[in-house]
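I have placed the structure first, in the form of structure tokens, so that the comments after it can refer back to it.
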Number of protein chains: 2
Amino acid sequence: MNPAGKENRRTIRVVIAEDQGMVLGALAALLEIEGDISVVTQCRDGSEALKAILTAKPDVLITDIEMPNMTGLDLAAELKRRRTGTRVIILTTFARAGYLRRALEAGASGYLLKDMRAEELAEAVRRVHQGLRVIHPELATEAWAEPDPLTDRERQVLRLAGEGRASADIALELSLSEGTVRNYLSEAISKLGANNRVEAARIARTRGWL
Amino acid sequence: MNPAGKENRRTIRVVIAEDQGMVLGALAALLEIEGDISVVTQCRDGSEALKAILTAKPDVLITDIEMPNMTGLDLAAELKRRRTGTRVIILTTFARAGYLRRALEAGASGYLLKDMRAEELAEAVRRVHQGLRVIHPELATEAWAEPDPLTDRERQVLRLAGEGRASADIALELSLSEGTVRNYLSEAISKLGANNRVEAARIARTRGWL
DNA sequence: AAACTTAGATGACATTTGTCACTGTGCCGT
DNA sequence: ACGGCACAGTGACAAATGTCATCTAAGTTT
């Protein structure tokens, strides 16, 4: 499993966090092929990953975003706060500007999409380990700047509305009056150029604002 | 890469179809570790996979469902029709009864979820190659029998409504009167025990009926 | 031929949703 | 001290949505 020898000289120690077991194991297998990379822990949720990182002190964390307990973005933010030296690569399905922005704010060193070629992952790990930053080319282009126009309340309300909850229901849940909920929704709809709450929620979701 | 020797004696030839390059390559790496399995082609969409299978004649196809050009389910159906001997394993994120049912109707030999443990994939390949059937345990339990209660029209209308289209808009698209559209939606909502079109669409989607 | 089913339509009605204008409060930056 | 902004609310109105009973014109069954 380590063809070119040099067992321990400069192997990059990696932790992977990914909730789909199949993908998790497969990524580990992919990286283990490389002689200079060693996967020290595989984690299936965010808080598990946090624990693993604090004890194993890996060089690089590769993490999905949407996971149980703690998202990859929360994880990155937490590692930044704690000043563990671990560098973070976000590896996700979603090409959403909001996610990318939040990832960079959380101090992540990489943001890659799962539809990249598999061979590029190991190279990205090496780059990041050297202190470089790797961003998926299509996302790096800028134009992806467009900041989230929604306020916190608008976002909350829109999220629930997108699940099919009625205004009165949402009002109850957030302890607001129904009129206020309708006002926030109306605002969100107009900000996003949608025709109704459902379309608004869809737009916000694809932009990574939800 | 083939520790236990016995290079060619009984290696199972596999084609993988999966649109996320990273996952595709990783799964291939995972299987290549096994001495008795060989990944002969990696495909990133359905029609590409069909071509590859017709020329390479593999023992087993591992395929995602949602892919460009041709879904994994269509692919399975096509292989059944053409009587290639290739056995099919569906490997997907979605635990939807509708998908499972359609997979079995299309003659698939396996239906696995990506959140299984990675180690189980190779074993599933061997089982399927021996003529056995492997279904993800939670889906095999029955109870997942519950058949789709929606009529074709209800399904069509609900799909559009779930995207945020208005009744009048849907009516136009399907050449129906607006009242009829509302009737279908009302029926669907009541059949699914939902409170409105959005919730109904969500329910139908998670059950694999959309 | 009579009975039944299905897709589609109407009209009436109550409820929900979306819009607007307007009133406050508190916080932040200058 | 002032303007701007997020937050919260009210009231009123128009439009969209959801429900129901009822109707017709095919098709199928029996």
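Any value given below was found using the heavy atoms of this structure, including those in side chains, with hydrogens, waters and symmetry copies removed. In what follows, chains are A, B, ... by sequence order, proteins preceding strands, each numbered from 1.
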Legend entry - Residue-level proximity of residues 174-193 of chain A to DNA chain D when a heavy atom falls under 4.0 Å: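 Correct list: A/Leu176, A/Ser177, A/Gly179, A/Thr180, A/Arg182, A/Asn183, A/Tyr184.
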Taking [Y]'s backbone N and O only, do any of them form a donor-acceptor pair with [X]'s side chain (distance below 3.5 Å, no angle check)?
X	Y	answer
A/Arg117	B/Gly21	no
B/Thr86	B/Pro58	yes
B/Asp59	B/Arg13	yes
B/Asn196	A/Gly164	yes

Could I get a table of every N or O pair under 3.5 Å where one atom is in the protein and the other is in nucleotides 24-29 of chain C?
none

Inset, instruction - Return each pair, listed once, that meets salt bridge (charged side-chain N to carboxylate O under 4.0 Å, His left out) where at least one residue sits in residues 186-206 of chain A; pairs must be two or more places apart or across chains. - result: A/Glu154-A/Lys191
Working to the nearest 0.5 angstrom, can you tell me the gap between [X] [atom1] and [Y] [atom2]?
X	Y	atom1	atom2	value
B/Leu174	B/Leu172	CG	CG	9.5 Å
A/Lys114	A/Thr93	NZ	OG1	4.0 Å
A/Thr84	A/Leu79	OG1	CG	4.5 Å

Inset, instruction - Determine: side-chain N/O of B/Arg197 to OP1/OP2 of D/dT17, distance under 4.0 Å, yes or no. - result: yes
Inset, instruction - May I ask you to verify if any side-chain N or O of B/Ser167 is less than 4.0 angstrom from the OP1 or OP2 atom of D/dA16? - result: no
Would you mind reading off the distance between [X] atom [atom1] and [N] atom [atom2], rounded to a whole angstrom?
X	N	atom1	atom2	answer
A/Asn196	D/dT17	CG	P	7 Å
B/Leu172	C/dG8	CG	C1'	16 Å
A/Arg165	C/dT16	CZ	C1'	16 Å
B/Glu154	C/dT6	CD	P	11 Å
B/Gln156	C/dA7	CD	C1'	12 Å
B/Asn195	C/dT17	CG	C1'	15 Å

Legend entry - Residue pair B/Ala28 / B/Gln42: nearest heavy atoms and the distance that separates them: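 For B/Ala28 versus B/Gln42, the nearest heavy atoms are CB-NE2, 3.2 Å.
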